[in-house]
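Presented below is the structure to which this report refers.
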Amino acid sequence: MAGLSLKQIKKIYPGGVEAVHSTTFDIRDKEFIVFVGPSGCGKSTTLRMIAGLEEISEGELYIGDRLVNDVAPKDRDIAMVFQNYALYPHMTVFENMAFGLKLRKVPKDEIERKVNEAAKILDLTHLLDRKPRAMSGGQCQRVALGRAIVRSPKVFLLDEPLSNLDAKLRAQMRTEISKIHKRLGTTFIYVTHDQTEAMTMGDRIVCMKDGWIQQIDTPQKLYDEPVNKFVAGFLGSPMMNFIDATLKYEREYDQFIVEFGSKDARGKKYEIIVPESKVTPELQGYVGKEIILGVRPESIHDEEMYLSNATTGVVDCQVEITEMMGAEIYLYLLCEGIPMTARVSSRSTAKSGDEIRVAIDPNRIHIFDKETEKTIVN
């Protein structure tokens, strides 16, 4: 088994286009790490450089203690699973899974043992005589995984392997891949643009944008403590609400207050008092300045018990649309022209067109610098 080490890796295409900027981080042995980000952010390019399918323009790549920059893909002891399965249509499941081992002149009895073991892990034993055209997308994807498993590689690379599957199958295969990782105890590197896959599967997530790594951390840490507005907005569904606001300080009560919306008849705007636990020394430098307030949809409540206990952050809204999601309801709200999304209990009685009040939980707010979009408060 092996960990990986990327040291100042860059990918520069002809014409000087830098697809991946100087990237340095380590992937631990047996870790399940997920690269996530929008299309064109450099995640697949990074994976392909690890695989040896893209040349590394600058920097060093180690698999274990071995420098592999100039090592051919077949000699890197890695296996790659693509989104389009890449199965041979004229071969059976057994033949597809055995193909790589035959090329390596592995003895017949060993091929049979390895294929049967992998088929058992992936629940493919009853399909070994079938050809790809007689199978579902999920079964084909399991065969592609099986073809990688039989080689017992040090590292598995998975490039958006579930993007061709329907929603139900994707959820099922997410669980399957996580189980396989635990059973094999091998390093998995997984690329996706789907933040749900990233949050549910990865031990750690590498969040990328425009070829730059924004943050590397556990899913929970990225969700609770994003380093900037991009990470905060990319992870979480529905995405975080961002509201233009101003920070002020009341000396009399020694309080920082986030103010947003237009003034009412009494000349007051909506206010959220920043809890003491969230006050940082750098907040003082933002007093009187414009900031961005970040609020997750689940931190906006329409229940009476929240509203009656709220001393700050109560907002009047109009309900534009409601989406019933089964165990919860998404409310799409408009507050003085500011769009907000709330994720509330399925007991909520709010309907489209209703005027309602909601309470923003001050203990769950985030504050971002308006210019740099870096996080000030988590």
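Side-chain atoms of Asn228 and Thr375 form no donor-acceptor pair, as typed in the model, at a separation below 3.5 Å. Side chains of Asp254 and Tyr249: a donor on one and an acceptor on the other come within 3.5 Å. Side-chain atoms of Tyr332 and Gln318 form no donor-acceptor pair, as typed in the model, at a separation below 3.5 Å.
Judged purely by atom type and a 3.5 angstrom limit, Arg142 uses its side chain to pair as donor or acceptor with the backbone of Leu122. Of the possible donor and acceptor atoms, one in the side chain of Thr24 sits under 3.5 Å from a partner among the backbone N and O of Gln8. Within the 3.5 Å criterion, the main-chain N or O of Val227 finds a donor-acceptor partner in the side chain of Gln215. No donor-acceptor pair under 3.5 Å is formed between the side chain of Asp354 and the backbone N or O of Ile356. Judged by distance alone, with hydrogens and angles left aside, the side-chain atoms of Asn309 form a donor-acceptor pair with the main-chain N or O of Met305 at under 3.5 Å. Between the side chain of Lys10 and the main chain of Thr23, no donor-acceptor pair closer than 3.5 Å is present. A donor-acceptor pair under 3.5 Å is absent between the side-chain atoms of Arg147 and the main chain of Ala98, judged by distance alone. At distances below 3.5 Å, not a single donor-acceptor pair connects side-chain atoms of Asp77 with backbone N or O atoms of Pro153. A donor-acceptor contact shorter than 3.5 Å links the side chain of Ser163 to the backbone of Glu160. Counting only distance, with no hydrogens or angles, the side chain of Thr312 and the backbone of Glu271 share a donor-acceptor pair below 3.5 Å.
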task: May I have the step-by-step check of ring-ring contact (aromatic ring centres under 6.0 Å, His included) for Tyr190 and Phe35, ending in yes or no?
output: CA-CA 6 Å; Tyr190 190 102; Phe35 290 5; over 10 Å; no
field: Thr92 vs Asp129, side chain to side chain donor-acceptor pair (under 3.5 Å): CA-CA, chis, key distance, verdict
entry: CA-CA 5 Å; Thr92 63; Asp129 294 327; 5.6 Å; no
Worked verdict on Thr246 versus Glu259 for side chain to side chain donor-acceptor pair (under 3.5 Å): CA-CA 5 Å; Thr246 307; Glu259 207 176 51; 5.4 Å; no
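With a 6.0 Å radius and a threshold of 12 heavy atoms from other residues, nucleotides or ligands, Arg357 has its CZ atom at or below the threshold. The local environment of CZ in Arg204 is crowded, with over 12 non-hydrogen atoms from other residues, nucleotides or ligands closer than 6.0 Å. The environment of Glu110 atom CD is dense: over 12 non-hydrogen atoms of other residues, nucleotides or ligands sit within 6.0 angstrom.
By the 4.5 Å heavy-atom criterion applied to side chains, His366 and Pro226 are counted as neighbours. The shortest side-chain heavy-atom distance between Leu222 and Cys207 falls under the 4.5 Å cut-off. Side chains of Leu61 and Ile56 form a contact here, defined as non-hydrogen atoms less than 4.5 Å apart. Looking at heavy atoms from C-beta onward, Asp203 lies out of side-chain contact with Arg28 at the 4.5 angstrom threshold. In this structure the side chain of Met80 reaches within 4.5 angstrom of the side chain of Leu53, judged on heavy atoms. With contacts defined as side-chain heavy-atom distances shorter than 4.5 Å, the pair Lys43/Leu47 does not qualify. A 4.5 Å side-chain heavy-atom check between Lys11 and Glu55 finds at least one atom pair inside the cut-off. With contacts defined as side-chain heavy-atom distances shorter than 4.5 Å, the pair Ile12/Val17 does not qualify.
Contact detail for Leu333 and Val358: the closest heavy-atom pair is CD1-CG1, 4.1 Å. The shortest heavy-atom contact between Met49 and Arg76 is O-NH1, 3.0 Å. Residue Cys140 comes nearest to Pro132 through the heavy atom pair SG-O, 3.7 Å, listed as atom of the first residue, atom of the second, then distance.
For the atom pair CG (Asn69) and CD (Glu58), the distance works out to 11.5 Å, reported to the nearest 0.5 Å. Between atom CD of residue Glu31 and atom CG of residue Asp26 there is a gap of 9.5 Å, rounded to the nearest 0.5 Å.
A salt bridge is defined here as a Lys NZ or Arg NE, NH1 or NH2 lying under 4.0 Å from an Asp or Glu carboxylate O, and Lys7 with Glu60 fails to meet this definition.
Cation-pi geometry between Arg296 and Tyr223 is met: the NZ or CZ atom falls under 6.0 Å from the ring centre, inside 45° of the normal. A cation-pi arrangement is absent between Lys374 and Phe368 under the rule of less than 6.0 angstrom and at most 45 degrees off the ring axis.
If you chain together hydrophobic residues whose side chains sit under 4.5 Å apart, Met239 and Phe230 never meet in one group.
Here the rule is side chain to side chain donor-acceptor pair (under 3.5 Å) with Gln220, and of Asp224, Thr218, Asp217 only Asp224 fits it.
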